[in-house]
Amino acid sequence: MRNFEIAAMFNEMAELLETKDENPFKIRAYRKAAQSLESLTKDIEDIAKQGTLQEIPGIGRELAAKIEEIISTGKLKAYEKLKKSIPAAIPDMVEIPGVGPNTAKLLYNKFKLKSVGQLEKLAKGHKICNLPNIKEKTEENILRGIELLKRSKERMPLGEALPIAIEMTGRLRSAPGVERINYAGSVRRMKETVHDIDILITSSKPKPIMDAFVALPRVRDILAHGATKSSVLLKEGIQVDLRIVEPESYGAALLYFTGSKQHNIHLRGIANDMGYKINEYGVFNGKTGKRAAGEEEESIYKFLKLSYIPPELREDAGEIEAAAKGGLPDLVELKDIRGDLHVHSEWSDGAHSIKELAAAAGKRGYEYIAVTDHSESLKVAGGLSGVELKEKIKEIRDINRKIKGLTVLAGIELDILSDGSLDIDEALLPELDIVVAAIHSGFKQGKEKLTRRIISAMKNKHVNVIAHPTSRLMGSRDAYELDFEEIFKVARETNTALEINAYPDRLDLNDINARRAKETGVAVAIGSDTHVIGQLGNMAFGVAVARRGWLEKKDVLNTLALDKLLKKIKK
DNA sequence: GCCGTTTTCGGCCCGACTGTTTTCAGTCG
């Protein structure tokens, strides 16, 4: 799977081309192609073999040839040449907020800089403030930009960003003059990580709201403070943008501010073809300037003859074409979830008793939870021996006799050992209601071996779900590579579900693999991997991944009623 | 560099904020 490697190369080429005064549309073409590769649900090498590269949106004759060159030689001459032609300090300087290609080139040509560090020294010595278009203020801004670059995080996990977005909108809601308020951007699209938080407000009196915004307690730095648009950097290292528009522009502004950029560009292109223009204020007739829509998002999609596209799908990954044909999926919702299939109790490394978990799950309206404590070899997590497992199953049966309205399923999170065997006396497996298996060690074994381990677990007739298939932990452990095509194939053949682990640092399967699972007819189970009762709420993040993966209710195992669930999984 | 029942050439989304300017370029989203 070299999709991401090639996408990264195209993205880097776009950045390099930006410093060369290249045609901006050519630069966009590279970005669009990169994005297209990132959202691809198939292996690029397979597509190349079939000779259908040019069927990928944004890939034409030239980029297809470049992809083939990368696949066959491992290199791309055009990339190497481009990289050699641009001094490394220029793209490094462009990383500084406020410094773009032109400023970077100007600085390089004047001082022949080798690094951002050298630039910082010069700026501190007031050596750059006599260049054309650069005076003291710009010099200060460059220094501030360098500081920002050091302090700001690359991307923040959704699990951290969403609560901040909710808190900030909550605080601003009561500011004088606020009519409607929403967070937008990639947080609204529920992307797994976000670069910044976008907030939209409608009001006819923006100024006092803006002043309140930049004075909020979390604000560490004000990056821009205008009449209708401001940006701040929070103490947490993430940027928040606030935009205020008149109430009649709510829909258009929410659409614009939610993105994605590629989705908006595509919509605006459709409007152009119809003789109309879309901006953040509305849809306007290109000739008369007369307003045609914009108060609500729905009215804009309707005007463009598209069905309404939920934010999670707005990535220009085929959703606009589907909406034009009325073929959008009817996305699964949190309220469709009838139970949680991955929960830990104090029998292993969870904090609560099974009784407490059952009560909390009942409060959430669930019909069932599977208590899936770890198996014996996972010592750090207090894995259960066979004897303990038997006791635990007995406890669950007792609890089920006493409680009403919710069924506790006797489960296990079974370790898939490094040779692919299962960490249990297999005679015990039939006594369990549901068996979840997962890899917890040997992450560096390589693609082939890891794939074989998972496949051999799936082939066991008692294993129902493979949990967190790639074992990634955002920010600390990358996903290992797997042959997903093979895994999906065996999963379908053996009636094994793959998990979307809803724990915010995992979200594994991710959106793209979830979509591919659906396309290949593999069932998906969403599990919260709860260790503390509050984490049951993480189910919402798992549902978000499912929605971003185009999943419908029927694609998700734990939307089934208990009797249907038990009938559907293998025994 | 892509794309096309209007086009194989000539389009390609659109606007806010800032600083250095005296009308605009650069940057950002």
Side-chain angles (χ1 to χ4, degrees), chain A residues 10 13-14 17-19 21-36 53-67 78 82 93-107 129-142 144-145 148 184-186 194-200 206 210 214 222-232 239-245 249 252-253 255-284 286 294 300 304 316:
Chain A
F10 285 173
M13 286 182 81
L17 289 167
E18 251 174 1
T19 68
D21 274 335
E22 259 293 355
N23 175 359
F25 298 106
K26 179 175 173 175
I27 295 164
R28 186 194 295 171
Y30 273 93
R31 291 229 161 88
K32 161 82 186 162
Q35 200 236 349
S36 212
L53 283 173
Q54 291 190 47
E55 285 173 24
I56 302 169
I59 305 292
R61 199 166 52 87
E62 303 231 10
L63 288 179
K66 287 188 166 72
I67 292 170
L82 182 63
M93 281 192 277
V94 171
E95 295 281 303
I96 303 167
V99 176
N102 287 306
T103 311
K105 265 185 291 184
L106 178 73
L107 291 167
C129 60
N130 285 314
L131 268 56
N133 291 321
I134 295 183
K135 294 283 166 286
E136 278 175 15
K137 196 88 181 185
T138 303
E139 192 173 67
E140 276 172 34
N141 279 345
I142 288 175
R144 198 165 63 133
L148 285 178
S186 43
V194 305
H195 180 256
D196 56 20
I197 294 170
D198 301 302
I199 298 173
L200 172 71
M210 279 301 172
V214 299
I222 300 168
L223 307 174
H225 185 179
T228 64
K229 187 180 164 183
S230 295
S231 297
V232 299
Q239 184 177 328
V240 184
D241 299 335
L242 173 62
R243 187 71 189 268
I244 304 180
V245 298
S249 295
L255 184 72
Y256 156 77
F257 227 23
T258 297
S260 67
K261 195 173 177 178
Q262 291 291 353
H263 180 86
N264 288 344
I265 288 173
H266 195 150
L267 291 184
R268 288 171 176 194
I270 293 174
N272 269 357
D273 292 345
M274 295 167 68
Y276 285 80
K277 182 178 88 163
I278 302 179
N279 56 28
E280 58 263 58
Y281 304 111
V283 182
F284 299 92
I300 300 171
L304 298 173
D316 196 21

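The shown structure was predicted, so the numbers you read here are calculated from the model rather than taken from an experiment. Chain A is the first sequence line, chain B the second, and so forth, proteins listed ahead of strands; every chain is numbered from 1.
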Practice task
Could you measure between the two P atoms, the one in dT8(B) and the one in dT27(B), and give it in whole Å?
Solution key: 36 Å
Exercise for the section: Tell which nucleotide pairs with dT8(B), taking only Watson-Crick or G-U wobble pairs whose two distances are both under 3.5 angstrom. Expected result: none
Exercise for the section: Could you work out the separation of dT18(B) and dC13(B) based on their P atoms and round it to a whole Å? Expected result: 26 Å
Handout entry: Presence of K66(A) side-chain N/O under 4.0 Å of dG1(B) phosphate oxygens OP1/OP2
Key = yes
Exercise for the section: Identify, residue by residue, the members of residues 270-278 of chain A with a heavy atom below 4.0 Å from DNA chain B, and return them in order of residue number, or none. Expected result: N272(A), K277(A), I278(A)
Handout entry: Between CG on residue L255(A) and CD1 on residue I278(A), distance to nearest 0.5 Å
Key = 7.0 Å
Practice task
Give the rounded distance in Å between these two atoms: CD of E18(A) and P of dG1(B).
Solution key: 15 Å
Problem - Nearest-angstrom distance, P atom, dC17(B) to dC12(B) - result: 25 Å
Problem - Separation of the C1' atoms in dT20(B) and dC24(B), to the nearest angstrom - result: 9 Å
Exercise for the section: Let me see the working for Q239(A) and L148(A) under side-chain contact (heavy atoms from CB on, under 4.5 Å), right down to the final yes or no. Expected result: CA-CA 10 Å; Q239(A) 184 177 328; L148(A) 285 178; over 6 Å; no
Practice task
Please work out if H266(A) contacts a base, only the sugar-phosphate, or nothing of the nucleic acid, heavy-atom cut-off 4.0 Å.
Solution key: nothing
Exercise for the section: Can you measure from CZ (F257(A)) to CG (D241(A)) and round to the nearest 0.5 angstrom? Expected result: 5.0 Å
Practice task
Between dT18(B), dG1(B), dT21(B), spot the one nearest the side chain of H225(A), thanks.
Solution key: dT18(B)
Handout entry: Interatomic distance at P, dT23(B) relative to dC28(B), whole Å
Key = 25 Å
Handout entry: Atom P, compared across dC2(B) and dT6(B): separation rounded to whole Å
Key = 23 Å
Practice task
Could you work out which one of dG19(B), dG1(B), dC17(B) sits closest to the side chain of A227(A)?
Solution key: dC17(B)
Exercise for the section: Rounded off to whole Å, could you give me the CD1-to-P distance for the I222(A) and dC17(B) pair? Expected result: 15 Å
Practice task
Classify the nucleic acid contact of R243(A) as base, sugar-phosphate or nothing, counting any heavy atom under 4.0 Å across all strands shown.
Solution key: sugar-phosphate
Problem - Rounded distance in Å - CD1 (I244(A)) to C1' (dG15(B)) - result: 16 Å
Handout entry: N or O in side chain of T228(A) less than 4.0 angstrom from dC17(B) OP1/OP2
Key = yes
Problem - Q54(A) CD: over 12 foreign heavy atoms closer than 6.0 Å - result: yes
Exercise for the section: Using a cut-off of 6.0 Å, state whether more than 12 heavy atoms not belonging to K135(A) lie near its atom NZ. Expected result: yes
Practice task
Take L223(A) and P132(A), find for each the nucleotide of DNA chain B with the closest heavy atom, and name the residue whose nucleotide sits nearer the 5' end.
Solution key: L223(A)
Handout entry: Side chain to side chain, V245(A) and T228(A), heavy atoms closer than 4.5 Å
Key = no
Handout entry: Rounded P spacing from dT5(B) to dG1(B) in Å
Key = 23 Å
Problem - For atom CD of Q54(A) and atom P of dG1(B), their distance in whole Å - result: 13 Å
Practice task
May I ask you to verify if any side-chain N or O of N141(A) is less than 4.0 angstrom from the OP1 or OP2 atom of dT18(B)?
Solution key: no
Exercise for the section: Measure the distance from CD1 on I67(A) to C1' on dC2(B) and round it to the nearest whole Å. Expected result: 13 Å
Problem - nucleotides 23-29 of chain B: protein proximity per nucleotide (B base, S sugar-phosphate only, - neither; heavy atom, under 4.0 Å) - result: ---SSSB
Practice task
Indicate yes or no for a side-chain donor-acceptor contact from E139(A) to the backbone of C129(A) under 3.5 Å, with no hydrogens or angles considered.
Solution key: yes
Practice task
Go through dC13(B), dT21(B), dT18(B) for me and flag the one nearest to the A224(A) side chain.
Solution key: dT18(B)
Practice task
Specify the separation, in whole Å, of atom CD1 of I134(A) and atom P of dG19(B).
Solution key: 13 Å
Exercise for the section: Ignoring backbone atoms, establish whether N279(A) has a side-chain N or O less than 4.0 Å from OP1 or OP2 of dG15(B). Expected result: yes
Completion exercise
d(R28(A) CZ, Q35(A) CD) to nearest 0.5 Å is 12.5 Å
Handout entry: Spacing between L200(A) atom CG and dA16(B) atom P, to the nearest angstrom
Key = 14 Å
Practice task
Would you classify I27(A) as touching base, sugar-phosphate or nothing, given that sugar-phosphate means primed atoms plus P, OP1 and OP2, and contacts are heavy atoms under 4.0 Å?
Solution key: nothing
Practice task
Indicate the atoms forming the closest heavy-atom contact of M210(A) with L242(A), along with that distance.
Solution key: CE-O, 3.6 Å
Practice task
Return yes when atom CG of N23(A) has more than 12 non-hydrogen atoms of other residues, nucleotides or ligands closer than 6.0 Å, and no otherwise.
Solution key: yes
Completion exercise
Between V214(A) and S230(A) the two heavy atoms that sit nearest each other are CG1-CB, 4.3 Å
Fill in the blank from the handout: In whole angstroms, the gap separating C1' of dC12(B) from CD1 of I265(A) amounts to 9 Å
